[in-house]
Amino acid sequence: MFRPPRASHCSLCDNCVDRFDHHCPWVGNCVGKRNYRYFYTFVVSLSFLAVFVFACAVTHVALLARGAGLAAALRATPASAVVAAVCFLSVWSVLGLAGFHTYLASTDQTTNEDIKGSFSTRRGVSNPNPYSRGNACANCWHVLCGPLAPSLIDRT
């Protein structure tokens, strides 16, 4: 059976995925050629949301602490303190994930190719990425805004 370049079989979904990036347990499906831009948008918007909620919670506690002090503000609104703590701990992983996928989009790689080291320098031998468009902006444009390929599933 013919397997297109960059396609891979997902053992969890039992599907062949074109431009296979990874199987995401958080969204419950494979991320590949036809849904990568939506996954990337989800991760970046989640990063903005985590930073925004953290900033709002810290601002709320700070405004309450202006008059009465930090201890009184934390007693008055423990939920804001908990939200700030949870956002502070989670924002680093979400921002890291968004940064990693920004790097992948700018180099036109997939997570699978990056983990395998398909286009890295090994033992002094350069192995350039044949799919790269030459610069980061062109790669991001192609990956995130390029034409969406039609589905290969024949539903008739």
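Owing to the predicted nature of the structure, the values given are computational and were not obtained by experimental measurement.
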Exercise. Does the distance from a Lys or Arg side-chain N to an Asp or Glu carboxylate O, for Arg3 and Asp18, drop under 4.0 Å?
Worked result: no

Problem set entry | Residues, nucleotides or ligands: over 12 heavy atoms within 6.0 Å of Phe100 CZ | yes

Problem set entry | Check: Val27 and Phe42 side chains under 4.5 Å, non-hydrogen atoms | yes

Problem set entry | Whether Tyr36 and His101 hold their rings parallel, tilted or perpendicular, with breakpoints at 30° and 60° | tilted

Exercise. So, are Arg6 and Asp21 salt-bridged, with charged N and O less than 4.0 Å apart?
Worked result: no

Problem set entry | Trace of the side-chain contact (heavy atoms from CB on, under 4.5 Å) decision for Val61 with Leu70 | CA-CA 8 Å; Val61 171; Leu70 183 60; 3.9 Å; yes

For this session: Look only at the side chain of Ser80 and the backbone of His60, and say whether a donor-acceptor pair between them is shorter than 3.5 Å.
Result: no

Seminar exercise, completed: Taking every heavy atom of Val31 against every heavy atom of Cys24, the minimum-distance pair comes out as CG2-CB, 4.1 Å

Problem set entry | Linked, directly or transitively: Val94 and Tyr103 (ILVMFWY side chains, under 4.5 Å) | yes

For this session: Check Phe54 against Ala84 and note the closest heavy-atom contact, atom names and distance.
Result: CD1-O, 3.3 Å

Seminar exercise, completed: Looking only at heavy atoms, the pair that brings Ala65 and Ala73 closest together is N-CB, 3.6 Å

Exercise. Under a single-linkage definition using a 4.5 Å side-chain heavy-atom cutoff for Ile, Leu, Val, Met, Phe, Trp and Tyr, are Val44 and Leu46 assigned to the same hydrophobic cluster?
Worked result: yes

Exercise. Under 3.5 Å, is there a donor-acceptor pair between the side chain of Ser132 and the main chain of Pro128?
Worked result: no

Exercise. Would Arg133 and Trp141 count as a side-chain contact (heavy atoms from CB on, under 4.5 Å) if you check the C-alpha gap in whole Å, the side-chain angles of each, and the deciding distance to 0.1 Å?
Worked result: CA-CA 10 Å; Arg133 306 279 180 291; Trp141 180 261; over 6 Å; no

For this session: Identify the heavy atoms of Gly32 and Val17 that sit nearest to each other, and give their distance.
Result: CA-CG1, 3.9 Å

Problem set entry | Co-membership, hydrophobic cluster, residues Val143 and Phe20, 4.5 Å side-chain | no

Exercise. Are Val58 and Leu89 co-members of a hydrophobic cluster defined by side-chain heavy atoms under 4.5 Å apart?
Worked result: yes

Problem set entry | Asn112 vs Arg19 side-chain heavy atoms within contact, under 4.5 Å | no

Exercise. When you measure from the side chain of Asn35 to the backbone N and O of Tyr38, does any donor-acceptor pair fall under 3.5 Å?
Worked result: no

Exercise. Between atom OG1 of Thr111 and atom CG of Leu97, what is the distance when rounded to the nearest 0.5 Å?
Worked result: 8.0 Å

Exercise. Would His142 and Tyr131 count as having a side-chain donor-acceptor pair, cut-off 3.5 Å?
Worked result: no

Problem set entry | Exercise: identify the closest heavy-atom pair between His23 and Cys10 | ND1-SG, 3.6 Å

Problem set entry | Side chains of Ser106 and Asn139, donor plus acceptor under 3.5 Å | no

Exercise. Distance-only, no hydrogens or angles: does the Asp14 side chain make a donor-acceptor pair with backbone N or O of His9 under 3.5 Å?
Worked result: no

Exercise. If you measure from OG1 on Thr102 to CG on Leu144, what distance do you get to the nearest 0.5 Å?
Worked result: 8.0 Å

Seminar exercise, completed: Value for CG (Asp108) from SG (Cys140), rounded to nearest 0.5 Å, stands at 9.0 Å

Exercise. Which atom names give the shortest non-hydrogen contact between Tyr40 and Ala98, and what distance separates them?
Worked result: CE1-O, 4.3 Å

For this session: Begin from the C-alpha positions of Val51 and Leu95 and carry the test side-chain contact (heavy atoms from CB on, under 4.5 Å) through to its verdict.
Result: CA-CA 9 Å; Val51 169; Leu95 280 174; 4.2 Å; yes

Seminar exercise, completed: So CD of Glu113 and OG1 of Thr107: to nearest 0.5 Å the spacing works out to 9.0 Å

Exercise. With a 4.5 Å limit on heavy-atom distance, are the side chains of His22 and Phe39 in contact?
Worked result: yes

For this session: With the side chain counted from C-beta on, respond yes when Asp114 and Leu104 share a heavy-atom pair under 4.5 Å apart, and no when they do not.
Result: yes

